[in-house]
Amino acid sequence: MTYGFLLSEAAKTLPDPDTAFLDATLLLARCLLISRTELLSRLSLAWNPESNKDALAAFQVLLERRRSGESVAAILGEKEFFGRSFMVNGAVLIPRPDTETLVQAALEVGDQLELLVKQHSGAKGSSCGVRVHDACTGSGAVAISIACERPLWQVSASDISEEALSVARQNSIRLLEQETPRKEIEFFPSDLLSTFLSFEASHETKAEAKAEMNAEIKAERRAAFDIITANPPYVPHNDVDAMFETGCKEPRLALDGGQDGLDYIRRLIPQAKTLLAPGGYLLFESDPFQVASICAMLTESGFEGLRVWLDLAGRQRVTGGHLPSAD
Ligand code: GLN
């Protein structure tokens, strides 16, 4: 028996025929403690049952977990996103390829904002440090990808779950260190963007707190962001139930968007409006069927220049708009 034969036999027992062989390969590579590329180079070599006894036993356990509906990313504790490997666990949503569209949209819009500032100020070459905040950051995949792709931008991120923030911080330290030394992402615990709003409110009402506050920080916090991104929970409640019935092990908190899936998006839009700089963009992911109602909500809240970005399967995945600019 060859490695290839073992893999194709195992793949036949797995769900989702499109990815079954890949899934089996990833799981066996983990059991053999080798890379997928190394395993693929051995496909036509003979499989030695004696020396690989323990690996085979471990492989059977992982195959069984996959058969019971757990995703390969959850089993391995890591997932590739925008060309980087992110650590994941039961506290976070596993990053989807669809969400790469959100990163692309943010990079595109941020590049445009930078260009506009440069044209206005006549500055050449240097970056103006676009300020991006990623709400509902989960594993940090969106925020960290943006920070790695544009090292001069100021990126912050938040999540309601402390456990998720811990995963995001670990991913951030590891990936930013590898790619862009000295760059940091600031992480905040926050229910959507409410931490930033209560900061504003409390400092507006309490005179003594106001006096204490450094004027510079205040200016920075007010209308703090040029771009707000979010992949909020947006799956309609009943659909989440169906996902759990078929073995989904991700946190309900990261998926369940209420009856029509729009609970968080409804709150996010007015919050973002308060925290974005003039001309600033709100960009977020949703299900394609929600895009029409989302566009109506954005328009009603005063957002302009609405755009929809398609995911790799050509579905409407990311919606965005910007506030009127100052001039
Ligand atoms: N796209 C994800 C799914 O359908 C949902 C992600 C989310 O709710 N933010 O599984």
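Counting convention: from 1, in listed order, for ligands and their atoms alike.
The protein heavy-atom contact nearest to atom 4 (O) of ligand 1 is V235 CG2, 4.1 Å. In this structure, the protein non-hydrogen atom closest to atom 3 (C) of ligand 1 is R96 NH2, 3.6 Å. The protein non-hydrogen atom at the shortest distance from atom 8 (O) of ligand 1 is Y234 N, 3.0 Å.
Looking at ligand 1, you'll find an N or O of P232 within less than 3.5 Å of one of its N or O atoms. When only interatomic distances are considered, the shortest N/O to N/O separation between N231 and ligand 1 falls below 3.5 Å.
Few gaps surround CZ on F289; more than 12 heavy atoms of other groups in view lie less than 6.0 Å from it.
Under a 4.0 angstrom heavy-atom cut-off, A254 registers as being in contact with ligand 1. Residue-ligand proximity: M243 is placed with a non-hydrogen atom under 4.0 Å from ligand 1. Residue contacts with ligand 1: D98 is excluded, as none of its non-hydrogen atoms falls under 4.0 Å.
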Could you go through R317 and S286, starting from their C-alpha distance and side-chain angles, then the distance that decides it, and tell me whether this counts as side chain to side chain donor-acceptor pair (under 3.5 Å)? CA-CA 6 Å; R317 184 58 65 186; S286 76; over 6 Å; no

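Checked by atom type, the side-chain pair T195/S190 shows a donor-acceptor distance below 3.5 Å. Looking at Y234 and E285, their side chains do bring a donor and an acceptor atom within 3.5 Å of each other.
Using a distance-only test at 3.5 Å, with no hydrogens or angles considered, a donor-acceptor pair links the side chain of D311 to the main chain of G314.
Ion pairing between R315 and D287 fails under the 4.0 Å rule for side-chain N and carboxylate O. Salt-bridge annotation for E179 and R84: present, with a side-chain N of the basic residue lying under 4.0 Å from a carboxylate O of the acidic one.
With ligand atoms numbered from 1 in the order given, ligand 1 contributes 5 (C), 8 (O) to contacts under 4.0 Å with heavy atoms of L255. Each of the atoms 8 (O) of ligand 1 lies under 4.0 Å from some heavy atom of P233.
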